[in-house]
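Presented below is the structure to which this report refers.
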Amino acid sequence: MNADYSERNAALGALYGEHIDVVRSRHDHALERAGAAHAVIYSGNPKRAFLDDYYLPFKANPHFLGWAPLTDLPYSCIVYTPGNTPVLVYYQPHDYWHVAPGTPDGYWTRHFDVRIARTPDDVIAHLPADRAKCIAIGEFDDEALDLGIERVNPATAVNILHFARGAKTDYELAVMRLASRRGVAGHLAAEKAFREGKSEFDIHRAYCEAVSHIDAELPYGNIIALNEHGAVLHYTNLDRDRPAEQRSFLIDAGAQVHGYASDITRTYAAGDERFQALIDRMHSMQLEIVGLVEAGVDYRDLHIATHRMLAAVLVEAELASGDPDSLLETGVTSAFFPHGLGHLLGIQVHDVGGHQANESGTVIDPPSGHPFLRLTRVLEEDMVLTIEPGLYVIDMLLDRLRGSQAEDHVNWSTVDWLRPFGGIRIEDDVRVMSGTRENLTRDAFAAAS
Ligand code: GLY
Ligand code: MN
Ligand code: MN
């Protein structure tokens, strides 16, 4: 973490106490429902490469990160007993192969009873003696510490914790604002590199330098897509060569601060005015959808409303003809926009609980014909979610329209015009409020300009 972010840690410290109170009360409730006395939240361990002895980048258990911003602390545990100060069993081995975690330090430490453990046995020694009264939360693979706890990730408790995580605390919102600002710094550097004619690989490097992340620290693999690559929804190949001609640039890239993510997409034209006009239209459509975000709205309705708006954009851009209902019903809008409108965002880029109706885990399915929608809940205050409509030329999907009624709705010559540009996606991170919303992404772009 660079100096800029450490300075801001002072402000985070003032919010952290309330955050930890909220986390504690969620666990009180989860433990009570699960009929257990202690929660042991295991941070996780790096996974070993197959048939080798080196480790893949460590990703901490998001439940653990919800307690403390310790993104790089494997083999450690938080032991929580309602009414008591949470114990952080902090694994700090004597290790000459790797850099061991440093001395616990930061705004969060005073909220824990920190116990340093030098060996796996030391870690185990700090767990409650009566393991039958414990639940463990985490991933337990072959390399994991054997905590001796039988009840692992019980659904009763986990559903409660996941459902609650939809709404962010003030601390989490503050951290996510920082993650947005960090991501935007990368986006600005990437756009500059694109304008300079750099390759995807070099644009990626410019991004990573600006956000001060190595690849493993990015919340997800950067999508840095020039020209037709913009039509591959999760394009992460990073071509080393510059294309002969630069027509368009789609970048979907985020950053993290204290384990919380931003998830931002922008699309740029290299000079083509018609493509630029379509990008501008997608921005105005996206802002219109963002303007509908508020507490009480069913996100499924927003997704369907987006398809209607997109139908109008397709007609205006002469990519399709017909009324919105026909374009939706014949699958034309889905062929151009085959992914969901967005998802919850937080510790995980696709944060948990997006399909939960309640803390019992009742599932709300996506609307029929829209299987990839990751958020189907009614929006609540302080949820943070993405709004990320797109419009792409994906021949695999458009070809399926041929031979049906849908074929006649598509203006195939305009599709041929758009194909070399790949596609457009505009993605902002938005906080739900009562009757209004906060756009973390646009605020961060405004602050940077
Ligand atoms: N970057 C992945 C997503 O936008 O969902
Ligand atoms: Mn997203
Ligand atoms: Mn994204």
Side-chain angles (χ1 to χ4, degrees), residues 1 5-28 30-31 36-46 58-96 98-131 133-140 143-149 161 169-172 174-175 217 256-260 347:
M1 199 66 52
Y5 291 100
S6 333
E7 268 171 41
R8 290 169 187 174
N9 284 345
L12 294 179
L15 299 171
Y16 186 72
E18 188 216 337
H19 169 75
I20 212 77
D21 285 347
V22 171
V23 174
R24 289 174 63 129
S25 75
R26 288 174 185 168
H27 284 75
D28 291 346
L31 281 167
H38 319 277
V40 179
I41 298 117
Y42 176 58
S43 67
N45 42 265
F58 172 62
K59 288 278 180 205
N61 171 7
H63 285 271
F64 186 83
L65 291 178
W67 281 90
L70 296 164
T71 50
D72 207 11
L73 190 71
Y75 305 107
S76 298
C77 292
I78 286 160
V79 181
Y80 178 64
T81 307
N84 293 359
T85 301
V87 173
L88 170 61
V89 188
Y90 190 102
Y91 182 61
Q92 191 184 38
H94 296 298
D95 183 351
Y96 57 87
H98 310 98
V99 175
T103 307
D105 181 29
Y107 55 87
W108 51 274
T109 48
R110 69 190 173 87
H111 299 277
F112 290 93
D113 171 1
V114 181
R115 314 223 183 128
I116 302 293
R118 300 294 186 191
T119 66
D121 284 347
D122 278 354
V123 175
I124 305 295
H126 287 287
L127 304 186
D130 190 351
R131 301 289 211 282
K133 291 192 172 146
C134 296
I135 58 170
I137 297 178
E139 187 184 10
F140 295 91
E143 306 265 329
L145 294 185
D146 181 1
L147 305 184
I149 298 172
L161 297 172
T169 63
D170 287 349
Y171 163 80
E172 293 178 303
V175 172
E217 291 168 327
Q256 58 145 323
V257 170
H258 299 315
Y260 287 80
I347 298 171

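Every heavy atom of this structure was used, including side-chain atoms; hydrogens, water molecules and symmetry mates were not. Worth saying up front: this structure is predicted, and the values here are computed from it rather than measured.
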Qualifying residues under salt bridge (Lys or Arg N to Asp or Glu O under 4.0 Å), relative to E18, sequence neighbours excluded: none
If you look at every heavy atom in G102 and Y90, which pair is closest and at what distance? O-OH, 2.5 Å
Does D95 have any side chain to side chain donor-acceptor pair (under 3.5 Å) partners at least two apart in sequence or in another chain, and if so, which? H98
Rounding to 0.5 Å, atoms CD1 (I116) and OG1 (T103) come to a distance of 7.0 Å
Nearest atoms (heavy-atom pairs only) where I135 meets A36: CG2-CB, 3.7 Å
Check side chain to side chain donor-acceptor pair (under 3.5 Å) between E217 and all other residues, then give those that pass, not counting sequence neighbours. none
For W108, which residues count as a ring pair (Phe, Tyr, Trp, His ring centres under 6.0 Å) partner, sequence neighbours excluded? none
A side-chain contact here means heavy atoms from C-beta on lying under 4.5 Å apart; do V79 and H126 qualify? no
Within 6.0 Å of NZ in K59, more than 12 heavy atoms from elsewhere: yes
Got a donor-acceptor contact below 3.5 angstrom from the N61 side chain to the I137 backbone? yes
What's the spacing between H111 NE2 and L88 CG if we round to 0.5 Å? 13.0 Å
Any salt bridge (Lys or Arg N to Asp or Glu O under 4.0 Å) pairs touching residues 117-126, not counting sequence neighbours? none
Distance-minimising heavy-atom pair for V123 and V89: CA-CG1, 3.7 Å
For R131, give me all partners under side chain to side chain donor-acceptor pair (under 3.5 Å), at least two apart in sequence or on another chain. none
Gap between atom CG of D21 and atom CZ of R26 - 0.5 Å precision: 11.5 Å
If I compare all heavy atoms of G83 with all of R24, which pair ends up nearest, and what's the gap? C-NH2, 3.9 Å
Please identify each residue that fulfils side chain to side chain donor-acceptor pair (under 3.5 Å) with D28, with sequence neighbours left out. Y80
If you look only at pairs with a residue in residues 101-113, which of them pass as a salt bridge (Lys or Arg N to Asp or Glu O under 4.0 Å), with sequence neighbours excluded? D113-R115
From N45 CG over to Y91 OH, what is the distance, rounded to the nearest 0.5 angstrom? 10.5 Å
Under 3.5 Å, is there a donor-acceptor pair between the side chain of S76 and the main chain of S43? no
Applying side-chain contact (heavy atoms from CB on, under 4.5 Å), can you list everything that pairs with H19, at least two apart in sequence or on another chain? Y16, V23, T169, Y171, E172, Y260
Identify, with sequence neighbours excluded, every residue that meets side-chain contact (heavy atoms from CB on, under 4.5 Å) alongside A14. none
Check Y42 against L145 and note the closest heavy-atom contact, atom names and distance. OH-N, 3.3 Å
Applying side-chain contact (heavy atoms from CB on, under 4.5 Å), can you list everything that pairs with L65, at least two apart in sequence or on another chain? A60, T71, I347
Who passes side-chain contact (heavy atoms from CB on, under 4.5 Å) against P46, sequence neighbours left out? Y55, F58, P74, Y75
Considering non-hydrogen atoms only, spot the tightest contact between C134 and I149 and give its length. O-CG2, 3.5 Å
